[in-house]
Amino acid sequence: MGRNVVKRLLNTTTDSIFMIDDLSIGRHPSQWLPEGYISTMSDDLEVIGKDRRLYFWKGDFRDLLFYMRQKPRYIQDKYGIEFEKFSDVFHFAAIVGGRLKIDGDPLMVALDLSIDSEFFYWITRHKPERVLYPSSSAAYPTSLQTTEGAIALSEGDIDFTKNLGTPDMTYGWTKLTGEFLAQIAAAHYGI
Ligand SMILES: NC(=O)c1ccc[n+]([C@@H]2O[C@H](COP(=O)([O-])OP(=O)(O)OC[C@H]3O[C@@H](n4cnc5c(N)ncnc54)[C@H](O)[C@@H]3O)[C@@H](O)[C@H]2O)c1
């Protein structure tokens, strides 16, 4: 969902914004937007605000990615919204949950792999102008994160051309994989 980014885009641009969340953790925009003018376009899509440029699709992002994989103009055709393609795509959908979840339910966190793999495939077909994927400090080798040997980590400490080390639990593996897929999307597909 990325509600801080959404609020900022609403305030600083005149763009239309298409927001997705299954509300497993996120809250409905009516709870965090200042004015709650909402109308329902269909079961899963709402349009929000007086200028009707914020759309909220409620559901599992993987479902929408699957529909768009089957039918690239799924959104345009199903909801009658006319646009050629998304320009900027911010991918915040993930099972996060902090240390408790990372250690307590690692295979639930690993579901992020399926969100990310569908996502990175979709962008190679849709070809948005820009994509943002948030990684995590958990992607760094755990050997660099011990109490005794702690160092200030920097991006160069992840180097896909060398021995990578072991990231932090399934959350770290997911983010490391996401970074790798992002690099492939850039290098092989020009994203
Ligand atoms: N919070 C941090 O310190 C931190 C640090 C580094 C990276 N990140 C990354 O930033 C991103 C956002 O993190 P956050 O802290 O805002 O977490 P968050 O849990 O607040 O946000 C994730 C959102 O994704 C939604 N979601 C989960 N699975 C979904 C699915 N299958 N379909 C649709 N929506 C789904 C949740 O409802 C939630 O609103 C994540 O990728 C996270 O890994 C966060």
Side-chain angles (χ1 to χ4, degrees), residues 1-10 17-33 38 41-46 48 54-70 74-75 78-79 86 88-123 126 128 130-142 144-145 150 152-158 166-186 191:
M1 179 179 284
R3 65 174 177 268
N4 292 308
V5 171
V6 169
K7 280 194 239 172
R8 189 180 172 103
L9 291 174
L10 276 176
I17 301 159
F18 196 95
M19 178 173 61
I20 296 155
D21 203 291
D22 62 2
L23 300 186
S24 53
I25 295 290
R27 287 183 289 127
H28 190 277
S30 59
Q31 294 177 30
W32 48 266
L33 280 173
I38 295 175
M41 294 180 73
S42 84
D43 282 350
D44 49 17
L45 190 71
E46 294 170 327
I48 300 171
L54 177 62
Y55 298 90
F56 174 53
W57 190 89
K58 179 182 176 303
D60 192 315
F61 189 27
R62 284 166 295 199
D63 289 341
L64 187 60
L65 290 166
F66 174 76
Y67 302 147
M68 292 191 291
R69 177 146 59 80
Q70 303 293 99
Y74 176 82
I75 293 174
K78 169 139 195 212
Y79 304 111
F86 293 105
D88 293 347
V89 177
F90 304 84
H91 169 29
F92 297 119
I95 294 157
V96 188
R99 204 68 247 176
L100 212 59
K101 192 81 149 208
I102 288 172
D103 290 326
D105 201 352
L107 288 182
M108 184 175 185
V109 173
L111 289 173
D112 288 343
L113 289 163
S114 69
I115 308 178
D116 289 355
S117 59
E118 287 285 346
F119 173 76
F120 281 107
Y121 177 77
W122 172 71
I123 62 168
H126 189 78
R130 299 192 299 177
V131 175
L132 184 139
Y133 174 77
S135 184
S136 168
S137 56
Y140 288 103
T142 46
L144 300 180
Q145 303 190 58
L153 296 162
S154 69
E155 289 185 3
D157 293 322
I158 293 177
T166 305
D168 191 352
M169 287 300 284
T170 55
Y171 184 62
W173 280 102
T174 304
K175 291 300 179 182
L176 192 62
T177 305
E179 289 200 33
F180 189 60
L181 299 185
Q183 287 193 11
I184 300 272
I191 304 295

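Note: hydrogens, waters and symmetry copies are ignored here, and every other heavy atom, side chains too, is used. No experiment lies behind these values; they were computed from the predicted model shown. Atoms within each ligand, like the ligands themselves, are counted from 1 in listed order.
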Exercise for the section: Would you mind finding which of L65, D21, I25, T174 brings a heavy atom closest to atom 23 (C) of ligand 1? Expected result: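 Checking each option, the heavy atom nearest atom 23 (C) of ligand 1 is found in D21.
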Exercise for the section: Could you name the option among F90, W57, F61, F92 that has the heavy atom nearest to atom 12 (C) of ligand 1? Expected result: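 Looking at heavy atoms only, F92 sits closest to atom 12 (C) of ligand 1.
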Check ligand 1 against [X] and write out every atom of the ligand that is under 4.0 Å from a heavy-atom position of the residue.
| X | result |
| --- | --- |
| G26 | 36 (C), 37 (O), 38 (C), 39 (O) |
| A94 | 22 (C), 24 (O), 27 (C), 40 (C), 41 (O) |
| R62 | 31 (N) |
| D60 | 30 (C), 31 (N), 32 (N) |
| I115 | 31 (N) |

What I'd like to find out is whether the side chain of [X] reaches to under 4.5 Å of the side chain of [Y], using heavy atoms alone.
| X | Y | answer |
| --- | --- | --- |
| F120 | I191 | no |
| I158 | Y140 | yes |
| L33 | L54 | yes |
| I115 | D112 | yes |
| R99 | D168 | yes |

Can you tell me which residue and heavy atom of the protein come closest to [atom], and the distance to 0.1 Å?
| atom | result |
| --- | --- |
| atom 10 (O) of ligand 1 | P134 CG, 3.5 Å |
| atom 13 (O) of ligand 1 | V96 CG2, 3.8 Å |
| atom 42 (C) of ligand 1 | Y171 OH, 3.4 Å |

Problem - Residues, nucleotides or ligands: over 12 heavy atoms within 6.0 Å of Q31 CD - result: yes
Problem - Greater than 12 external heavy atoms within 6.0 Å of F180's CZ - result: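 No, not enclosed.
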Problem - Side chain, backbone, both or neither: D22 near ligand 1, heavy atoms under 4.0 Å - result: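 Looking at D22 and ligand 1, atoms from backbone and side chain both fall under 4.0 Å.
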Exercise for the section: For ligand 1, note which part of K175 has a heavy atom under 4.0 Å away: side chain, backbone, both or neither. Expected result: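 Contact part for K175 vs ligand 1: side chain (C-beta onward).
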Exercise for the section: From the options H28, K58, M41, M19, select the one residue that forms a side chain to side chain contact (heavy atoms under 4.5 Å, CB included) with E46. Expected result: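 The passing option is H28.
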Handout entry: Geometric class of the F119/W122 ring pair [parallel <30°, tilted 30-60°, perpendicular >60°]
Key = tilted
Fill in the blank from the handout: Sequence neighbours excluded, the answer for side chain to side chain donor-acceptor pair (under 3.5 Å) partners of S135 is E179
Handout entry: Contacts of type side chain to side chain donor-acceptor pair (under 3.5 Å), residue R8, not counting sequence neighbours
Key = none
Exercise for the section: State which residue, out of Y67, F66, W57, fulfils the ring-ring contact (aromatic ring centres under 6.0 Å, His included) condition with Y74. Expected result: Y67
Practice task
Answer yes or no: does an N/O atom from S24 fall short of 3.5 Å to an N/O atom of ligand 1?
Solution key: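 Min N/O separation from ligand 1 is below 3.5 Å for S24.
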Problem - Heteroatom proximity flag, I95 to ligand 1, N/O under 3.5 Å - result: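 Between I95 and ligand 1, no N or O pair is found under 3.5 Å apart.
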Is the closest heavy-atom distance from [X] to ligand 1 below 4.0 Å?
| X | value |
| --- | --- |
| S135 | yes |
| G59 | yes |
| Y133 | no |

Within 4.0 Å of [atom] (strictly less), any protein heavy atom?
| atom | answer |
| --- | --- |
| atom 4 (C) of ligand 1 | no |
| atom 16 (O) of ligand 1 | no |
| atom 31 (N) of ligand 1 | yes |

